[in-house]
Structures are given as structure tokens and as C-alpha cells.
Number of protein chains: 2
Amino acid sequence: MTQTSVPDVVIRRLTTYLQTLKHMAQRGEHVASSTEIGRWAGVSPAQVRKDLSHFGEFGRQGLGYEIGFLCTQIERILKIDQDWRLILVGAGALGHALMNYGAFVTGRFQIVAVFDSDPAKVNTRVGQREILPMERLAEIIAERHVEIAILAVPATAAQHVADQLVACGVRSILSYAPITLNTPRDVHVRYIDPVASLQTMTYYL
Amino acid sequence: MTQTSVPDVVIRRLTTYLQTLKHMAQRGEHVASSTEIGRWAGVSPAQVRKDLSHFGEFGRQGLGYEIGFLCTQIERILKIDQDWRLILVGAGALGHALMNYGAFVTGRFQIVAVFDSDPAKVNTRVGQREILPMERLAEIIAERHVEIAILAVPATAAQHVADQLVACGVRSILSYAPITLNTPRDVHVRYIDPVASLQTMTYYL
DNA sequence: CTGTGTGAAGCTTTTCACAGCG
DNA sequence: CGCTGTGAAAAGCTTCACACAG
């Protein structure tokens with residue numbers, strides 16, 4: 001039933017199910033029940049079944065879910081059964097850390113270019129890649145068919161850079177800047193902000 | 001109405017309202033309506049008012065919210081009107097980046113100790129701090145009254161370290177490991193996983 | 001008039017509970 | 001039997017709309 005739109009929270013849980021399933025596969029398991037998946041992912045068995053049922057029937061009654069098969073299906077649903085080219089804007093300390101982050105060096109999300117507005121940084125290297133000036137943003141995005149950008153610039157520059165990215169056709173932004181970006185509705189933004197995360201935890205202390 | 005328990009999603013939005021309000025304050029504004037706050041935070045005016053109404057009456061009818069006052073109130077609600085001591089476990093590339101992250105160097109969340117299980121790293125320095133062996137975890141947590149930990153270790157070690165942290169009395173964990181941690185219900189965990197975030201965005205492309 | 005605070009309505013998400021299949 | 005898939009019920013969250021205050 002890909003017909004009716006699926007809640008975003010379901011999409012986010014799919015990634016945790018996938019983590020869980022990969023983990024189980026590594027331990028040599030071949031089949032998992034919704035109860036087992038739920039226990040490791042921290043959700044109820046009914047939730048697991050309902051979430052998966054949005055996309056099809058992947059289990060066998062009386063048995064459970066075949067782990068390899070379910071992984072393949074979730075990867076297809078999330079469209080991560082293919083490589084994705086990313087660009088990174090901002091070559092500060094965070095940008096450097098991201099360039100050397102294992103998942104971006106070897107995984108299916110590949111950073112194909114790094115940009116920075118600071119002329120002193122342009123032409124220096126970070127990891128394997130040369131830092132490019134912002135002027136080349138449009139060119140690279142078009143040439144490499146980039147749809148996803150990681151934003152690792154200061155909060156003061158974030159909105160301006162986001163506007164440029166959107167103008168160049170970027171449709172997904174992963175932002176490390178601690179501000180809410182104003183973007184067209186068809187551009188998806190996710191935020192990573194450790195301080196914001198900590199601020200929501202102190203409430204419970 | 002602090003009586004009835006407040007949804008977690010409200011707590012998370014409070015941090016975005018705070019960001020918005022600080023931003024407005026910097027631009028010299030003194031008063032903000034729920035419509036303005038909502039526009040910048042990306043939520044409806046009614047949502048802003050309802051969220052705030054969980055904690056008291058902070059606005060003036062016909063006028064709006066006095067920005068400085070509302071900031072103070074939100075900071076009090078989130079308990080971020082005080083300093084918090086954190087520890088960091090894991091002194092790899094990510095750990096180094098976090099130690100040098102501005103907000104942790106100058107802000108109200110202060111990393112007071114760094115731990116690593118690798119004997120080769122112990123006694124070397126990261127930023128200003130000496131890396132301590134895991135054996136000293138319990139001692140430091142007790143001595144410095146630490147309630148919050150940042151987990152920056154490989155996925156394979158994360159659950160084991162989390163268990164140790166919980167045993168030492170840590171009650172909030174910000175985890176960078178791409179697995180769901182199994183913890184007692186009174187221990188709060190937030191996850192930061194750029195790959196998981198990206199995986200949820202490709203679905204919409 | 002403008003804009004808050006808030007019950008009530010409307011909508012979404014989660015849980016329940018059970019038919020049905022292996 | 002065990003466990004999925006799924007309508008129906010319950011719970012939770014968001015929006016509406018309006019009384020009321022400045």
C-alpha cells in the first residue's frame with residue numbers, strides 16, 4: 001500500500017529495524033519475529049508488523065521474517081540499494097571529521113566534493129579531496145547529479161548557503177547548523193545538533 | 001499544568017523555539033507573537049501557544065511574548081539555566097572533534113573527562129584533557145557528580161560501555177553509535193547518526 | 001483590533017485482538 | 001501451535017475557533 005502516504009516516523013523506524021536485522025544477521029540468525037526485532041529496536045511487536053505492512057507482506061505466518069530478504073526489502077524501500085553522491089559545504093573541524101568518517105569513506109553515501117567560502121581554504125586538501133570555492137557549487141551539482149548536501153557551516157551562514165543549495169537543485173539537506181532552515185516544502189531537511197539533543201535530556205533529569 | 005506529563009515532542013520543539021527567540025533577540029526584537037515564532041521554527045501558531053501552555057502563561061494577550069522573559073522561562077523548564085558536567089567516552093576522530101566543538105568548550109555543557117579503552121591512547125591528550133582509562137569511570141562520575149555521557153565508541157563496544165555508564169549512575173546518554181541501546185527505562189538516550197538521517201531522506205527522493 | 005490561552009473537534013499513530021496461514 | 005497481517009478501538013497530538021484581555 002505505497003498508495004497512502006506513510007508517516008515519517010515509520011520511515012525513521014525502518015532504519016532502526018535495518019540496523020537490528022544486520023546485527024542479527026551477523027550473529028548468524030536467519031529468521032526474526034516481530035517480537036525479536038521490536039525488542040532490539042525498542043518498539044512493540046505490533047508496531048513492527050504495522051510499519052512493515054505499509055509496504056507489503058514480508059513475513060511468513062507462524063514463522064517470522066527471513067532476515068536477508070527483509071533487509072533487501074527495507075533497503076529497496078528506503079532507496080539505499082544504490083549509491084548516493086553527496087556534497088559537503090563547510091571545511092571546518094566538523095567538515096574534516098565528516099570527510100574522514102568511515103561510513104562516508106567506504107559506504108554508499110559518497111562525498112564527491114567539498115566547498116568552503118574561505119579563500120584561504122580553497123585549493124587546500126581535506127582527506128583525499130580538494131576544497132572548492134562556492135562559485136563552483138552549481139557546476140558540480142549539475143555535473144555529478146547531486147541531490148543531497150551536508151551543511152557544516154556556522155549558523156550565521158547556514159540559511160544563505162541553504163538558499164544556494166536549493167537554487168542549484170539540491171533536494172535533501174543534512175544540517176549541522178543549530179537553526180531551523182527555511183526551505184521549499186519539497187526540500188527535505190534533517191538536523192543534527194548535539195547541544196539541542198542534550199537540552200532535551202536535561203529536562204528529564 | 002506541569003501536573004500531567006508533557007509529550008517528548010513538545011520538549012524537543014522547546015529547543016527550537018529557544019533558538020528562534022535568541023535569534024530574534026540578536027536582531028534587536030523585544031516581543032514575538034506565536035505566529036512569528038512559529039514561522040521561524042516551522043510550526044503553526046496554535047502549536048506554539050499550546051506547547052507553551054503546558055508550562056504556564058508566558059504571553060500577554062493582544063501583544064505576544066516578551067522575548068527575554070520567554071527565553072528565561074524555557075531555559076528554566078529545560079533546566080539549562082545551569083551548568084552541566086559531561087563525560088566523553090571514546091577518543092577517536094569523533095571524540096577529538098567533539099572536544100574541540102565550540103559549544104562544549106565555552107557553553108554550559110562542559111566535558112570534564114575523556115575516557116578510552118585503548119591503552120595506547122590513555123595518558124595522551126585531546127584538547128586540554130588527558131585521556132583516562134575506563135577503570136577510572138566510576139570514580140570520576142561519582143566525584144564530579146556527572147549525570148550525562150557522550151558515547152563516541154564503535155558500534156561493537158557501545159552496548160558494553162552503555163552498561164558500564166548506567167552502572168555508574170549516568171542517567172542520560174547521547175550516543176553516536178549506530179545501534180539502539182538497551183537501557184533501563186529511567187535512563188534517557190538520544191541518538192546522532194548521520195547515516196541513519198540520510199537513509200530516511202533518500203526515501204523521499 | 002490584535003493576539004493569548006484553551007476546551008472541543010479532528011486527525012494521526014499506536015495498541016489490541018483475532019482470523020487465517022504454515 | 002506460533003506468528004503474521006489487519007480491521008477496529010484506544011490513545012495521543014494538532015488544529016480550530018472563540019472568550020477574553022490589553
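Note that the coordinates shown come from a computational prediction; the quantities given were computed from them, not determined experimentally.
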Do any N or O atoms of the protein come closer than 3.5 Å to N or O atoms of nucleotides 19-21 of chain C, and which pairs are they?
from: C:dG20; atom 1: N2; to: A:Q61; atom 2: NE2; distance (Å): 3.4
from: C:dC21; atom 1: O4'; to: A:Q61; atom 2: OE1; distance (Å): 2.5

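Of all heavy-atom pairs between B:I111 and B:R129, the closest is O-NH1, 3.3 Å.
In this entry the distance linking CG of B:L63 with P of C:dG5 reads 11 Å, nearest Å. One atom, CZ of B:F58, and another, C1' of D:dA21, lie 18 Å apart when rounded to the nearest Å. To the nearest angstrom, C1' of D:dG5 lies 14 Å from CG of A:L70. Whole-Å rounding puts the A:H54 NE2 to D:dT6 C1' distance at 11 Å. D:dT4 atom P lies 12 Å from atom CD1 of A:I67, rounded to whole Å. Rounded to an integer number of Å, the gap from A:Y65 OH to D:dG2 P is 17 Å. When rounded to the nearest whole Å, the span between CZ of A:F55 and P of D:dT4 equals 18 Å. B:E66 places its CD atom 16 Å from the C1' atom of D:dG22, with the value rounded to the nearest Å.
Within the structure, salt bridge (Lys or Arg N to Asp or Glu O under 4.0 Å) pairs that include any residue of residues 177-205 of chain B comprise B:D8-B:R190 (at least two apart or interchain). Listed by first and then second residue, the salt bridge (Lys or Arg N to Asp or Glu O under 4.0 Å) pairs involving residues 148-158 of chain B amount to none (not counting sequence neighbours). Sorted by first and then second residue, the pairs that involve residues 102-116 of chain A and meet salt bridge (Lys or Arg N to Asp or Glu O under 4.0 Å), not counting sequence neighbours, are A:D83-A:R108, A:D116-A:K121. The salt bridge (Lys or Arg N to Asp or Glu O under 4.0 Å) contacts involving residues 28-49 of chain B comprise nothing, where partners must be two or more places apart or lie in separate chains.
Side chain of A:E57, nearest nucleotide from D:dG5, C:dT4, C:dT6: D:dG5.
A:S34 has a side-chain polar atom (N or O) that falls below the 4.0 Å cut-off from OP1 or OP2 of D:dT4.
Residue B:Q128 qualifies as open at atom CD: its count of foreign heavy atoms under 6.0 Å is 12 or below. Within 6.0 Å of the NE2 atom in B:H23, the count of heavy atoms belonging to other residues, nucleotides or ligands does not exceed 12.
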Scoring nucleotides 7-17 of chain D by protein non-hydrogen atoms under 4.0 Å (B base, S sugar-phosphate only, - none) yields BB----SSB-B
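Between the side chain of B:H54 and the backbone N or O of B:K50, at least one donor-acceptor pair lies under 3.5 Å.
Residue A:Y203 forms a side chain to side chain contact (heavy atoms under 4.5 Å, CB included) with just one option from B:V6, B:L14, B:T15, and that option is B:V6.
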